[in-house]
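The chain is numbered in sequence order, starting from 1. Keep in mind that the numbers below use all heavy atoms, side chains included, and drop hydrogens, waters and symmetry copies. Given the structure is predicted, the values throughout are model-derived calculations rather than measurements.
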Amino acid sequence: QVQLVESGGGLVQAGGSLRLSCAASGSIFSINAMGWYRQAPGKQRELVAAISSGGNTNYEYSVKGRFTISRDNAKNTVYLQMNSLKTEDTAVYYCNAGIKPYVGSGRYYEYWGQGTQVTVSS
């Protein structure tokens, strides 16, 4: 059983910062890419940032220069540092990871966290 547990969401004023964390636990053989998605009310879920197992990153255009994704492979954890937050960043943020749960897994399986609310006030 694999779990992704997010933390670090909350309420912050525009211009402020938050740091999200997502720790993977359970039966884990290896982790491929990890990422953060968000879903605002009435909108589709969108990719915010992703990081490969080798550390390559990519970002949604609107967060480039403000958000930084990183990972600690020893802790099976991915982070999202969010600076210069805007009201339009308000959403539920979800962690995502491709995980092989055991050594004989033929492929990576996709897992999601439960989501953490980020609210940016004006």
Asks: Does L20 belong to the same Ile/Leu/Val/Met/Phe/Trp/Tyr cluster as V92, with side-chain heavy atoms less than 4.5 Å apart forming each link?
Replies: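 Shared cluster, no.
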Asks: Considering all heavy atoms of both residues, which atom of A24 and which atom of I99 are nearest to each other, and what is their separation?
Replies: CB-CD1, 4.3 Å
Asks: Who are the side chain to side chain donor-acceptor pair (under 3.5 Å) partners of S62, not counting sequence neighbours?
Replies: R38, E60
Asks: For residues 99-112, which residue pairs qualify under salt bridge (charged side-chain N to carboxylate O under 4.0 Å, His left out), counting only residues two or more places apart or in two chains?
Replies: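 Output for this query is empty, none listed.
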Asks: Using the test side chain to side chain donor-acceptor pair (under 3.5 Å), find all partners of Y108 that sit at least two apart in sequence or belong to another chain.
Replies: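 Per chain and number, Y108 pairs via side chain to side chain donor-acceptor pair (under 3.5 Å) with S30.
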Asks: Measure the spacing between CG of N96 and CZ of R45 and express it to the nearest 0.5 Å.
Replies: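 Reported to 0.5 Å precision, the distance equals 8.5 Å.
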Asks: Using side chain to side chain donor-acceptor pair (under 3.5 Å) as the criterion, list what pairs up with T119, not counting sequence neighbours.
Replies: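 Side chain to side chain donor-acceptor pair (under 3.5 Å) list for T119, sorted by chain: Q117.
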Asks: Mind listing the closest non-hydrogen atom pair of V48 and V63 along with its distance?
Replies: O-CG2, 3.7 Å
Asks: First locate atom CD1 of I69, then atom CG of N56, and finally report the distance between them rounded to the nearest 0.5 Å.
Replies: 12.0 Å
Asks: When rounded to the nearest 0.5 angstrom, what distance separates CG in L85 from OG1 in T90?
Replies: 8.5 Å
Asks: Shortest non-hydrogen contact from N73 to S53?
Replies: ND2-O, 3.8 Å
Asks: Would you list the pairs meeting ring-ring contact (aromatic ring centres under 6.0 Å, His included) in which at least one residue belongs to residues 81-107, sequence neighbours left out?
Replies: none
Asks: Rounded to the nearest 0.5 Å, how far does CD of Q13 lie from OG1 of T87?
Replies: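 So the gap between those two atoms works out to 12.5 Å.
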Asks: With S17, which residues qualify under side chain to side chain donor-acceptor pair (under 3.5 Å), at least two apart?
Replies: N83
Asks: Under 4.5 Å between side-chain heavy atoms, counting indirect links through other Ile/Leu/Val/Met/Phe/Trp/Tyr residues: same cluster for I28 and I51 or not?
Replies: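 Yes.
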Asks: Using the test side chain to side chain contact (heavy atoms under 4.5 Å, CB included), find all partners of A40 that sit at least two apart in sequence or belong to another chain.
Replies: K43, A91
Asks: How many angstroms lie between OG1 in T116 and CG in L18, if you round to the nearest 0.5 Å?
Replies: 9.0 Å
Asks: Linking Ile, Leu, Val, Met, Phe, Trp and Tyr through side-chain heavy atoms less than 4.5 Å apart, which residues share a cluster with L11?
Replies: none
Asks: Please report the closest heavy-atom contact between A49 and L80, naming both atoms and the distance.
Replies: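 That would be CB-CD1, 4.2 Å.
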Asks: Does the Q39 side chain pair with the main chain of Q44, one donor and one acceptor, at a distance under 3.5 Å?
Replies: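 A pair under 3.5 Å: no.
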Asks: Any ring-ring contact (aromatic ring centres under 6.0 Å, His included) involving residues 29-72? Give me the pairs, sequence neighbours left out, ordered by first then second residue.
Replies: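 The answer is Y37-W112.
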Asks: List for me each residue that meets salt bridge (charged side-chain N to carboxylate O under 4.0 Å, His left out) alongside R66, sequence neighbours excluded, and say none if there are none.
Replies: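 Counting only residues at least two positions away or on another chain, R66 forms a salt bridge (charged side-chain N to carboxylate O under 4.0 Å, His left out) with D89.
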Asks: Linking I/L/V/M/F/W/Y whenever their side-chain heavy atoms sit closer than 4.5 Å, directly or via other members, would V78 and Y111 fall into one cluster?
Replies: yes
Asks: Other residues, nucleotides and ligands only: do more than 12 of their heavy atoms fall within 6.0 Å of CD on E88?
Replies: yes
Asks: Look at the side chain of S27 and the backbone N and O of P101, then say whether any donor-acceptor pair between them is shorter than 3.5 Å.
Replies: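 Side chain of S27 to backbone of P101, a donor-acceptor pair under 3.5 Å: yes, one is there.
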Asks: Can you tell me how far apart OG (S52) and CD1 (I31) are? Round to the nearest 0.5 Å.
Replies: 13.0 Å
Asks: Any salt bridge (charged side-chain N to carboxylate O under 4.0 Å, His left out) pairs touching residues 71-82, not counting sequence neighbours?
Replies: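 Listed by first then second residue: nothing to list.
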Asks: Closest heavy-atom contact between M82 and V118?
Replies: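 Reported closest heavy-atom pair: CE-CG2, 3.9 Å.
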Asks: What residue pairs, at least two apart or across chains, pass disulfide (SG to SG under 2.5 Å) with a residue in residues 5-115?
Replies: C22-C95
